[in-house]
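Taking it in order: structure first as structure tokens, then the write-up.
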Number of protein chains: 2
Amino acid sequence: MGVSLKDVALRAGVSAKTVSNVVNNYPHIRPGTRERVQRAIDELGYRPNATARHLRTGRSGIIALAVPELGNPYFADLAAAVIDAAAHHGHTVLLDHTAGLRANETLVSRGFRSHLIDGLILSPIQLENEDLLRRPDGPPLVLLGEREYDAPYDHIAIDNVAAARLAVRHLIDLGRRRIAFVGARRESLRQPAHLRLRGWREEILRAGGTPSDDLVVATDGYDRADGAAAMTRLLALSEPPDAVFAYNDLVALGALRVLAERGLRVPQDVAVVGFDDIEDGRYAGVSLTTVAPDKAAIARLAVDCLITRIEAAPARAPFVPRRILPGHTLVVRESTTGRATAHD
Amino acid sequence: MGVSLKDVALRAGVSAKTVSNVVNNYPHIRPGTRERVQRAIDELGYRPNATARHLRTGRSGIIALAVPELGNPYFADLAAAVIDAAAHHGHTVLLDHTAGLRANETLVSRGFRSHLIDGLILSPIQLENEDLLRRPDGPPLVLLGEREYDAPYDHIAIDNVAAARLAVRHLIDLGRRRIAFVGARRESLRQPAHLRLRGWREEILRAGGTPSDDLVVATDGYDRADGAAAMTRLLALSEPPDAVFAYNDLVALGALRVLAERGLRVPQDVAVVGFDDIEDGRYAGVSLTTVAPDKAAIARLAVDCLITRIEAAPARAPFVPRRILPGHTLVVRESTTGRATAHD
DNA sequence: CTGAAAGCGCTTACAG
DNA sequence: CTGAAAGCGCTTACAG
């Protein structure tokens with residue numbers, strides 16, 4: 001601990017500035033000087049103090065990523081991808097989980113720890129538009145995911161309506177007519193699952209069907225337990241569904257489990273489609289058909305976008321929020337076709 | 001941006017030191033002074049700059065957690081628990097994933113970013129003893145997990161031998177005699193799965209059986225795909241196993257998937273036990289019997305231990321490494337008993 | 001109970 | 001191409 005620039009400068013017989021220049025690859029240094037400094041650095045085992053640098057330059061090289069739950073493999077995968085993308089730019093990621101609670105999301109967006117980070121990527125669940133509008137000046141913020149806002153922030157998300165329509169069309173093409181949507185919320189129009197629910201509705205209408213409210217099930221959260229509870233409710237209907245489109249894979253897996261417990265066949269009795277393409281779905285007893293967002297692209301685009309904002313920060317040009325749409329695909333597996341696709 | 005102590009001091013008509021005292025809850029301040037300072041803080045919206053504080057005190061309030069894969073729900077859960085435990089002490093967690101690679105693990109243990117963090121919790125897979133012995137002075141390090149080392153570092157891990165014996169005894173009690181172990185490694189005696197393999201061997205011997213090398217399958221990693229490949233190999237044996245004890249739940253789930261594809265019944269044809277108690281196992285088509293380490297306790301003990309070391313750091317008392325053993329239990333589900341336990 | 005000064009380890013104008 | 005000085009925003013002895 002405690003080899004500083006000054007120690008290196010002393011040993012190399014130069015000023016601190018010259019050492020700093022060498023460390024930061026400043027190009028115009030006499031080769032002999034550079035060599036002498038480099039030797040001193042190696043001999044002393046000097047490593048620059050990032051904190052001092054941060055205090056001086058205002059840049060920490062750290063970005064924060066806030067997701068609802070690390071325990072949800074989708075977000076764990078996304079986090080891993082963001083960490084990789086950030087490392088690619090020489091940045092480190094500080095990870096927060098908000099539990100999808102509005103209070104936590106607001107706190108995070110307000111720049112909790114704002115002195116430490118250069119920027120923030122936030123995937124909100126309950127955050128409201130007004131929370132965002134009241135956000136004080138702070139490091140750049142990039143939003144992720146299905147929630148939509150009227151606020152001047154960049155937003156990266158796949159086309160959730162189109163993706164949901166793709167899933168529902170697949171079920172319709174397979175001859176299903178009573179297609180449930182699992183994972184709505186009660187509270188607000190801007191609810192988390194708003195766009196996916198809209199896609200469900202639009203596609204049923206397009207096919208000449210009637211979207212029935214009985215088949216829209218609200219859940220408290222988006223975990224397996226929520227899917228299991230919702231499926232139980234659906235099976236109690238006088239006319240149960242012949243297909244389920246779930247807000248995400250965890251909810252779909254919970255539904256699959258209840259169907260298995262009841263001895264119902266998937267997909268013959270009930271077909272199931274999820275959303276996220278987490279690995280669990282590929283290895284489930286009945287492998288899960290799902291909408292696969294391009295996670296690597298989402299992570300890369302989010303990090304690129306954030307870093308662009310960070311580097312543009314001094315130049316106070318008029319801010320035009322960006323809306324970026326990564327791609328998605330439908331991955332068809334046993335839970336809709338019954339065909340025993342291998343797990344890989 | 002940019003309200004500093006000095007601004008607050010100016011407005012409150014006191015010195016910077018007094019503001020600092022108020023911010024840090026130094027007890028002996030005249031009530032009137034405190035109030036005046038607090039008002040200035042509120043009016044200006046002052047928030048202390050953590051970076052400057054860090055530079056001055058040498059404490060950042062950040063600890064790092066390095067795990068092999070965030071995509072493994074066990075580590076995602078553990079990370080969430082560590083984040084909570086650290087928050088409880090007012091610390092923030094910087095998350096790293098090493099992909100279980102020796103080079104990354106070494107880098108991390110060497111205090112990559114050591115200027116930024118107060119301490120490090122590392123869950124190694126391939127790290128060798130010599131890597132640890134060559135570690136230069138740096139922030140306190142706490143090790144997690146099954147690997148054992150002869151190095152002066154604290155280590156938190158359940159009793160892996162006892163836990164493995166519990167799992168294998170359960171299979172023996174159910175009448176199984178050809179019990180496979182999936183998840184060994186080729187390389188070293190100090191291999192990752194060493195202790196669990198030893199538990200498997202000891203318990204089979206205790207029951208009067210003969211541990212057969214045919215039934216020990218090495219894997220490249222510890223994911224579902226590894227379990228699937230291993231199960232495929234086991235089923236190709238002239239005398240396949242009637243039970244599988246897997247290194248972890250992901251491997252077990254991969255094995256379950258292959259058994260389902262082959263039309264084999266679980267547990268009638270093959271019983272399966274995993275390790276970790278991740279949520280996926282509870283909701284699997286056939287719910288998974290598993291060894292459940294007390295993750296919350298592991299996280300809490302690791303953070304407590306690390307913080308103790310951080311705070312003791314100045315007092316250079318002789319360092320006695322601590323070995324802490326959190327608890328574990330066996331959670332029995334359908335994959336061994338066939339009883340349709342509800343998913344919750 | 002409070003103040004003035006020094007310094008944590010860097011980088012950034014400003015000179016030369 | 002390199003140096004000497006100032007300063008990022010705090011806290012820590014040292015006084016009083």
Side-chain angles (χ1 to χ4, degrees), chain A residues 1-38 40-41 44-62 90 111 113-118 139 313-314, chain B residues 1-38 40-41 44-62 90 111 113-118 139 313-314:
Chain A
M1 300 272 119
V3 178
S4 76
L5 255 195
K6 215 189 287 185
D7 301 325
V8 176
L10 220 63
R11 177 160 195 134
V14 298
S15 76
K17 165 124 202 314
T18 301
V19 179
S20 176
N21 283 342
V22 170
V23 168
N24 295 302
N25 289 314
Y26 182 69
H28 309 298
I29 307 173
R30 235 179 322 198
T33 311
R34 178 190 298 281
E35 201 180 309
R36 208 144 28 93
V37 170
Q38 191 56 56
I41 288 174
L44 262 38
Y46 167 74
R47 292 186 327 177
N49 182 322
T51 302
R53 184 180 283 167
H54 177 198
L55 182 59
R56 186 60 237 245
T57 62
R59 291 279 182 76
S60 65
I62 299 178
R113 257 177 237 151
S114 66
H115 277 305
L116 188 63
I117 62 175
D118 293 341
Chain B
M1 301 270 121
V3 179
S4 76
L5 253 196
K6 214 190 287 186
D7 302 324
V8 176
L10 219 63
R11 178 160 193 133
V14 298
S15 76
K17 165 127 204 312
T18 301
V19 179
S20 176
N21 283 343
V22 170
V23 168
N24 295 302
N25 289 314
Y26 181 71
H28 309 297
I29 307 174
R30 236 180 322 196
T33 311
R34 178 190 298 279
E35 200 180 308
R36 210 145 25 94
V37 170
Q38 190 55 55
I41 288 175
L44 262 37
Y46 167 73
R47 292 187 327 179
N49 182 322
T51 302
R53 184 180 282 165
H54 177 198
L55 182 60
R56 187 59 237 245
T57 61
R59 292 278 182 78
S60 65
I62 298 179
R113 256 177 240 151
S114 65
H115 278 305
L116 189 62
I117 63 175
D118 292 343

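Given the structure is predicted, the values throughout are model-derived calculations rather than measurements. Here is how names work: the chains are called A, B, and so on, in the same order as the sequence lines, proteins then strands, and each is numbered from 1.
Between C:dG3, D:dT2, D:dG3, one nucleotide has an atom nearer to the side chain of A:Val14 than all others, and that is D:dG3.
Listed for the A:Asp118 side chain is a donor-acceptor partner under 3.5 Å among the backbone atoms of A:Ser60. Looking only at distances, a side-chain donor or acceptor of B:Arg36 sits under 3.5 Å from a matching main-chain atom of B:Ala12. Although no hydrogens or angles enter the test, the distance criterion places a donor-acceptor pair under 3.5 Å between the side chain of A:Thr57 and the main chain of A:Arg53. With B:Asp7 contributing its side chain and B:Ser4 its backbone, the two residues share a donor-acceptor pair below 3.5 Å.
Remark: D:dC14 base-pairs with C:dG3; criterion is Watson-Crick or G-U wobble with both hydrogen-bond distances under 3.5 Å.
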How far apart are the C-alpha atoms of B:Asn21 and B:Val37, what are their side-chain angles, what is the distance that settles it, and do they pass the side-chain contact (heavy atoms from CB on, under 4.5 Å) test? CA-CA 10 Å; B:Asn21 283 343; B:Val37 170; over 6 Å; no
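For D:dC1, neither phosphate oxygen OP1 nor OP2 lies less than 4.0 angstrom from any side-chain nitrogen or oxygen of A:Thr18.
Taking each heavy atom of B:Leu116 and A:Thr51 in turn, the nearest pair found is CD1-OG1, 4.4 Å.
The nearest whole Å value for the distance from the CZ atom in B:Arg30 to the C1' atom in C:dG3 is 13 Å.
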When you check every protein heavy atom under 4.0 Å of nucleotides 6-16 of chain D, what one-letter string (B, S, -) results, 5' to 3'? BBBBBBBB---
